[in-house]
Number of protein chains: 2
Amino acid sequence: MVKKGVRNGLDVDRMIETADLLATQPALGAFEFRARNQWMRGGHNVSSVRDFYGAGQEDTSRTAAFTLHNDEPDVLLGTDCGANPVEYVLHALAGCLTTSLVLHATARGITVRSVESTLSGRLDVRGLLNLAPDVRNGYSDIRVTFRVDADASDAEIEELVQVAQERSPVFDIVTHGVPVAVNLQGR
Amino acid sequence: MVKKGVRNGLDVDRMIETADLLATQPALGAFEFRARNQWMRGGHNVSSVRDFYGAGQEDTSRTAAFTLHNDEPDVLLGTDCGANPVEYVLHALAGCLTTSLVLHATARGITVRSVESTLSGRLDVRGLLNLAPDVRNGYSDIRVTFRVDADASDAEIEELVQVAQERSPVFDIVTHGVPVAVNLQGR
């Protein structure tokens, strides 16, 4: 095999090996991601993200947990110790579309020079506060604008932005929804 | 008016004033949240979250941006500089359900002592890699388990966990989906 080296910060040989492995052993594609969250006060709460299951085993590669703070700005009665949950949704969506774009560019042999995106989502807080039955609680809509520079034609870049939407897990979650089961443990 | 002080870290008087104001001036409920994201390399990209529109004006209360790092763990070809986008979705969901629970507990005069949640989401990475047409890209399902201690009966706590789901913006986004428009700006 001809070694393909690193493109866009991704090990191309390892990427191809991973795809080949998943094609022959589909069970290795099953992942379970996790988070643990603890309320601090008011709108401030903190998640710990570390362990996950994937590629056939519990992953032990992370030496420490990521600690993530949710809070609300002053106007939403918070103490602004972190971005708020709906802002984190925009961050997750931006990141997942970007990673999908870069991954599929790499698979096509395209060198990416820069990817920038700006996102905005409109939301009526009367939903959260139960003040308007006709208003949804979540975003009514989200807009994403990409600016991409790559060693590719404009048409190829347009196709990458398209394939990013077709393959991104968070784009799928946010546009199509996911069943969520919520349980309460006894005190 | 009898001053109600602070409960659960929330200024109860200000909360009631906000609800009264939104009932008479519904346009103040319209918010727009934003994020800007820049690709670094591979699965690593960084969002900046600061400005937003809400309560009838551009908010200027934040003195600095929140900087949020997405990356992927080693097994997903990343350098593990941050949680990955689908883990951020769990963080956002946990935080939003928790804040909704605490907000509505406060409105009901219930003092909350602790809220903890654990979340897990199952996802087949063959979707992202376009290796299995019958597999969705996003989570197939998400499980959330709450443990709540509050100055309330078990039935009241169960009701709080229910109302959190009925009112949480991120729960609405993740369970029902949102239209997302993606545009590409010229180079």
Point to revise | Test item: A/Q185 and B/E116 side chains (from C-beta on) under 4.5 Å apart, heavy atoms | key: no
Point to revise | Side chain proximity check, B/S100 to A/L128, heavy atoms < 4.5 angstrom | key: yes
Exercise for review: Side-chain contact test, heavy atoms from C-beta onward, threshold under 4.5 Å: evaluate it for A/V75 versus B/F31 and give yes or no.
Suggested key: yes
Point to revise | Proximity breakdown for B/D154 and chain A, heavy-atom pairs closer than 4.5 Å | key: both
Check your understanding: Which residue out of A/D141, A/D124, A/V135 racks up the most heavy-atom pairs below 4.5 Å with chain B?
Key -> A/D124
**Study point:** ring-ring contact (aromatic ring centres under 6.0 Å, His included) partners for B/H104, two or more places apart
**Key:** none
Exercise for review: Heavy atoms only, distances under 4.5 angstrom: which of B/A19, B/S168, B/A94, B/S47 has the most pairs with chain A? Name it, please.
Suggested key: B/S47
Point to revise | Pair A/R50 + B/D80: basic N to acidic O under 4.0 Å | key: no
Revision key, fill the gap. With chain A, the option among B/T18, B/D149, B/L184, B/L90 that has the most non-hydrogen atom pairs under 4.5 Å is B/L184
Check your understanding: Side chains of B/L77 and A/D11: does their closest heavy-atom pair fall under 4.5 Å?
Key -> no
Exercise for review: Examine whether an atom of A/S48 lies under 4.5 Å from a heavy atom of chain B, and if so say whether it belongs to the side chain, the backbone or both; otherwise answer neither.
Suggested key: neither
Revision key, fill the gap. Assert top hit (heavy-atom pairs under 4.5 Å, partner chain A, pool B/A132, B/G138, B/C96) equals B/G138
Check your understanding: Checking side chain to side chain contact (heavy atoms under 4.5 Å, CB included) for the pair A/R14/B/D74: CA distance, chi angles, key distance, verdict?
Key -> CA-CA 11 Å; A/R14 211 177 141 207; B/D74 179 71; 3.2 Å; yes
Check your understanding: If you count heavy-atom pairs under 4.5 Å with chain A, which of B/V112, B/V174, B/L10 comes out on top?
Key -> B/V174
Check your understanding: Do you know which two heavy atoms are closest between A/N70 and B/G95, and how far apart they sit?
Key -> ND2-CA, 3.3 Å
Exercise for review: Examine whether an atom of A/I157 lies under 4.5 Å from a heavy atom of chain B, and if so say whether it belongs to the side chain, the backbone or both; otherwise answer neither.
Suggested key: both
Review point. When rounded to the nearest 0.5 angstrom, what distance separates CG in B/N37 from CG in A/L97?
Key: 9.5 Å
Revision key, fill the gap. Residue from A/G82, A/G78, A/G43 scoring the most non-hydrogen pairs under 4.5 Å with chain B is A/G82
Point to revise | Heavy-atom pair count under 4.5 Å with chain B, highest-scoring of A/G54, A/A92, A/G186 | key: A/A92
Check your understanding: Hey, does A/P169 have a side-chain heavy atom less than 4.5 Å from the side chain of B/L123?
Key -> yes
Exercise for review: Answer with side chain, backbone, both or neither: which region of B/L76 has an atom nearer than 4.5 Å to a non-hydrogen atom of chain A?
Suggested key: side chain
Exercise for review: Mind running side chain to side chain contact (heavy atoms under 4.5 Å, CB included) on A/T99 and B/N45 for me, showing each step along the way?
Suggested key: CA-CA 8 Å; A/T99 298; B/N45 59 71; 3.4 Å; yes
Check your understanding: Contact part of B/A55 toward chain A, heavy-atom cut-off under 4.5 Å: side chain, backbone, both or neither?
Key -> side chain
Revision key, fill the gap. Max heavy-atom pairs within cutoff under 4.5 Å with chain B, candidates A/L28, A/V89, A/L103, A/T98, goes to A/T98
**Study point:** Co-membership, hydrophobic cluster, residues B/V12 and B/V163, 4.5 Å side-chain
**Key:** no
**Study point:** Residue part contacting chain A, namely of B/T118, when any heavy atom lies under 4.5 Å
**Key:** both
Check your understanding: When only pairs under 4.5 Å are counted, which of A/N84, A/D71, A/V6, A/D59 shares the most heavy-atom pairs with chain B?
Key -> A/N84
Check your understanding: Side-chain heavy atoms under 4.5 angstrom apart, residues restricted to Ile, Leu, Val, Met, Phe, Trp, Tyr: same cluster for B/V49 and B/W39?
Key -> no
Check your understanding: Quick one: are A/V144 and B/N183 in side-chain contact, heavy atoms under 4.5 Å?
Key -> no
Check your understanding: For B/G9 and A/R41, which heavy atoms make the closest approach, and how far apart are they?
Key -> CA-NH2, 3.6 Å
Revision key, fill the gap. All heavy atoms of A/A83 vs all of B/L68, minimum pair found to be CB-CD1, 4.4 Å
Exercise for review: Quick one: name the residues clustered hydrophobically with A/M40, using the 4.5 Å side-chain heavy-atom rule over I, L, V, M, F, W, Y, and just say none if it's on its own.
Suggested key: A/V46
Point to revise | Value rounded to 0.5 Å, distance of OH in A/Y139 from CD1 in B/I173 | key: 6.0 Å
Check your understanding: Do NZ/NE/NH1/NH2 and the carboxylate oxygens of B/R62 and A/E87 come within less than 4.0 Å?
Key -> yes
Practice item. Give, as side chain, backbone, both or neither, the part of B/T106 having an atom under 4.5 angstrom from any heavy atom of chain A. Key: neither
Exercise for review: Name the region of B/V161, side chain, backbone, both or neither, that has any atom closer than 4.5 Å to a heavy atom of chain A.
Suggested key: side chain
Exercise for review: Check whether B/E166 gets within reach of chain A through its side chain, its backbone, both or neither, counting any heavy atom under 4.5 Å.
Suggested key: backbone
Check your understanding: What residue, out of A/A30, A/G121, A/S114, A/A23, has the most heavy-atom pairs lying under 4.5 Å from chain B?
Key -> A/G121
Revision key, fill the gap. Cut-off 4.5 Å, heavy atoms of chain A, and the answer for B/V102 is side chain
**Study point:** Heavy-atom side-chain proximity of B/S117 to A/R36 below 4.5 angstrom
**Key:** no
Review point. Relative to the ring of B/H91, is the ring of A/Y88 parallel (under 30°), tilted (30 to 60°) or perpendicular (over 60°)?
Key: perpendicular
Point to revise | Segment of A/F66 engaging chain B (4.5 angstrom heavy-atom cut-off) | key: side chain
Study note, to complete from the structure: Max heavy-atom pairs within cutoff under 4.5 Å with chain A, candidates B/P26, B/A164, B/G127, goes to B/P26
Revision key, fill the gap. To the nearest 0.5 Å, atom OG1 of A/T175 lies from atom NE2 of B/H176 at 14.5 Å
Point to revise | Contacting region of B/F33 [heavy-atom separation from chain A under 4.5 Å] | key: both
Practice item. Could you look at B/T145 and say if it's the side chain, the backbone, both or neither that has a heavy atom under 4.5 Å from chain A? Key: both
Exercise for review: Side chain from CB out, backbone as N, CA, C, O: work out which of these in B/V178 comes under 4.5 Å of a heavy atom of chain A, or both, or neither.
Suggested key: both
Practice item. Quick one: closest heavy-atom pair of A/N130 and B/R167, and the distance? Key: OD1-NH1, 3.1 Å
Practice item. State whether the side chain of B/D172 and the backbone N or O of A/N137 hold a donor-acceptor pair below 3.5 Å, judged by distance alone. Key: yes
Exercise for review: Check whether any side-chain heavy atom of A/V182 lies under 4.5 Å from a side-chain heavy atom of B/F171, and answer yes or no.
Suggested key: yes
Check your understanding: Transitively linked via ILVMFWY side-chain contacts under 4.5 Å: A/Y53 with B/L129?
Key -> no
**Study point:** Options B/R136, B/Q165, B/R122, B/R147, ranked by heavy-atom pairs under 4.5 Å with chain A, top entry
**Key:** B/R136
Point to revise | Same apolar cluster: A/L21 and B/L131, side chain cutoff 4.5 Å | key: yes
Practice item. Would you give the length of the straight line joining atom CG of B/L119 to atom CD of A/E32, rounded to the nearest 0.5 angstrom? Key: 10.5 Å
Check your understanding: Quick one: what part of A/A150 sits under 4.5 Å from any heavy atom of chain B, side chain, backbone, both or neither?
Key -> backbone
